[in-house]
There are 2 protein chains.
Amino acid sequence: MTREPDEATVAAWIGLSRAQRVAMDRIEARLKAKKLPPLSWYDALWELDKAGEAGLRPYELERAMLFEQYNLSRLAQRLQKAGLISRETCQADARGQTLKITDAGREMRRRMWETYSRAIGEAVGTKLSVTEARSLAGLLRKLE
Amino acid sequence: MTREPDEATVAAWIGLSRAQRVAMDRIEARLKAKKLPPLSWYDALWELDKAGEAGLRPYELERAMLFEQYNLSRLAQRLQKAGLISRETCQADARGQTLKITDAGREMRRRMWETYSRAIGEAVGTKLSVTEARSLAGLLRKLE
DNA sequence: GGAAATTTGATGCAGTTGCATCGAAATAGA
DNA sequence: TCTATTTCGATGCAACTGCATCAAATTTCC
């Protein structure tokens, strides 16, 4: 009736859930300890940095980040208030806007990456061989 | 200087983050669609169900669930208000309390599991073979 | 062209989380 | 024993999220 998934599937899900939380908590704690902004700020800045001079429309960033529309709207407000991005009204579409990273934003991203990358190394790198990490990444990609 | 983690490690972390979010969103959406409570309620009810007649102290549940103390305190209040758990003051330690699942709580857990398990099957089971799921679970365990 | 439907982004409100801190009980240490 | 420290759980406040909904601009389709 209930069509239970097999044990291995459940174990994978529980593992996914816990491992993500554990790693995430450790990484966020590192950022907080250095008084740096949360990961979501990094993700946004990184996407905008990659996007370069063209910037991104909010809805594009929203999809790249898997963020809800209203959450992205507010994240953008905060990033702008902090001077890390600019928000110009889009000339091709007067409803929308174009988000661009500022110099301060690029600098912040760089600064965050120092701590962030180190934290990834500790939370993930030290626990897995390179082969294991590759294999894990491959399996996780299948879940999307 | 910055001691970058290798690419594979970063890919594993990004994958972990995204895969968890994608799967979680799908699963939570299923619960919401059936007007069932969020996953955190399930986790708490499951731990308390396993604990049986003895129940659990809040700090024990807190550790099992990887929850912050204040979040558990409030989750327990909500679960109690919903009639799914009882909170008696602990007689061995007058500071603390003992949390126990109620019949309604057991029933709710069972009801949630019907939807939850199906959702796990879809979000994870259909994407991986049993061998892959086992392998994924094994790799994830190393991260804790 | 013009009405209807869709897309884009913002926001009021309620619920949740994070932070700091509190009070009370238990334990440790002199 | 009697004070100092630690543990246990709650809570005020600010920040953040989720939901519903809005207004404005664009696209669709006749």
Side-chain angles (χ1 to χ4, degrees), chain A residues 20-21 24-44 47-48 55-82 84-100, chain B residues 20-21 24-44 47-48 55-82 84-100:
Chain A
Q20 195 272 344
R21 200 139 26 123
M24 170 91 128
D25 287 353
R26 288 182 187 149
I27 291 169
E28 289 271 24
R30 287 315 192 102
L31 290 170
K32 231 169 281 179
K34 296 254 165 125
K35 301 198 185 295
L36 290 167
L39 269 186
S40 55
W41 286 38
Y42 182 85
D43 289 344
E47 293 295 337
L48 290 173
L56 285 178
R57 299 287 300 273
Y59 71 86
E60 294 175 308
L61 184 51
E62 171 192 326
R63 282 158 208 179
M65 292 180 67
L66 309 179
F67 243 58
E68 299 293 333
Q69 182 273 317
Y70 48 83
N71 279 331
L72 185 74
S73 173
R74 295 196 255 226
L75 175 58
Q77 289 167 28
R78 279 173 245 146
L79 288 169
Q80 181 187 33
K81 184 149 31 170
L84 303 177
I85 69 171
S86 69
R87 297 200 294 164
E88 309 158 13
T89 22
C90 178
Q91 59 229 68
D93 183 341
R95 286 170 302 186
Q97 39 188 246
T98 307
L99 308 180
K100 289 183 192 159
Chain B
Q20 194 273 343
R21 201 138 26 123
M24 170 91 130
D25 287 353
R26 287 181 187 149
I27 292 171
E28 289 271 25
R30 290 311 194 102
L31 290 170
K32 233 169 277 179
K34 296 254 165 124
K35 301 197 187 294
L36 290 167
L39 270 185
S40 55
W41 286 39
Y42 181 87
D43 288 344
E47 292 295 336
L48 289 172
L56 285 179
R57 298 289 300 272
Y59 71 86
E60 295 175 308
L61 184 51
E62 172 192 325
R63 280 157 209 181
M65 293 180 66
L66 308 179
F67 243 58
E68 298 293 333
Q69 183 270 318
Y70 50 82
N71 281 331
L72 185 72
S73 173
R74 296 194 254 225
L75 175 58
Q77 289 168 28
R78 280 174 243 146
L79 288 169
Q80 181 187 33
K81 184 149 29 173
L84 303 177
I85 70 170
S86 69
R87 297 200 294 164
E88 310 158 11
T89 23
C90 178
Q91 60 229 66
D93 184 340
R95 285 170 304 184
Q97 41 191 240
T98 307
L99 308 179
K100 288 183 192 159

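The structure displayed is predicted, hence computed values, not measured ones. Labels below follow one simple rule: chain letters A, B, ... track the order of the sequence lines, proteins then strands, and each chain is numbered from 1. What's counted below: heavy atoms across the whole structure, side chains too, no hydrogens, waters or symmetry copies.
Residue A:L75 contributes atom CG, which lies 15 Å from atom P of C:dT11 at whole-angstrom precision. Rounding to whole angstrom units, CZ of residue B:R21 and C1' of D:dG18 are separated by 16 Å. The interatomic distance linking A:Q97 (CD) with C:dT7 (C1') rounds to 14 Å, in whole Å. Following rounding to the nearest Å, A:E88 (CD) and C:dT8 (C1') show an atom-to-atom distance of 17 Å. The CG-C1' distance, from B:N71 to C:dA20, rounds to 14 Å in whole Å. In this structure, A:L39 atom CG and D:dC16 atom P are separated by 14 Å, rounded to whole Å.
Annotation for B:E28 and B:L39: closest pair OE1-N, 3.5 Å, computed over non-hydrogen atoms. Nearest approach of A:F67 to A:L72, heavy atoms of both residues: CD2-N, 3.6 Å. Between A:T98 and A:G55, the shortest heavy-atom contact is CG2-CA, 4.2 Å.
Taking only side-chain atoms of A:D93, from C-beta outward, the nucleotide of D:dT26, C:dA10, C:dT17 with the closest atom is D:dT26.
Within residues 24-35 of chain B, the residues that place at least one heavy atom under 4.0 Å from DNA chain D are, in residue-number order, B:K32. Contacts of residues 57-70 of chain B with DNA chain D (heavy atom under 4.0 Å): B:R57, B:P58, B:Y59, B:R63, B:Q69, B:Y70.
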Decide side-chain contact (heavy atoms from CB on, under 4.5 Å) for B:L79 and B:R87; before the verdict, give the C-alpha distance in whole Å, the side-chain angles of both, and the deciding distance to 0.1 Å. CA-CA 10 Å; B:L79 288 169; B:R87 297 200 294 164; over 6 Å; no
Apply side-chain contact (heavy atoms from CB on, under 4.5 Å) to B:L99 and B:E60, showing your working. CA-CA 10 Å; B:L99 308 179; B:E60 295 175 308; over 6 Å; no
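By the 6.0 Å contact criterion, CD on B:E88 is enclosed, its count of non-hydrogen atoms from other residues, nucleotides or ligands being greater than 12. Surrounding CZ of A:R30 are at most 12 heavy atoms belonging to other residues, nucleotides or ligands under 6.0 Å away.
Proximity of B:S73 to the phosphate of D:dA10: a side-chain N or O atom is located under 4.0 Å from OP1 or OP2. In this model, the phosphate group of C:dT8 is not approached by any side-chain N or O of A:R87 to a distance below 4.0 Å at OP1 or OP2.
Summary of helix geometry: the two end axes of the helix from C:dG1-D:dC30 to C:dA30-D:dT1, each defined by five base pairs via their C1' atoms, are inclined to each other by 30° (rounded to 10°).
Residues B:M65 and B:N71 form no side-chain contact, since every pair of their non-hydrogen atoms from C-beta on lies 4.5 Å or further apart. The side-chain heavy atoms of B:P38 and B:L31, taken from C-beta on, include no pair separated by under 4.5 Å.
Judged by distance alone, with hydrogens and angles left aside, B:R95 brings a side-chain donor or acceptor within reach of the base of D:dT7, the pair sitting under 3.5 Å. No N or O donor and acceptor, one from the side chain of A:R74 and one from the base of C:dG9, sit under 3.5 Å apart. Put simply, the side chain of B:R78 and the base of C:dG15 share no donor and acceptor less than 3.5 Å apart.
DNA chain D is contacted by both B:A76 and A:A92; B:A76 maps to the nucleotide lying nearer its 5′ end (nearest heavy atom per residue).
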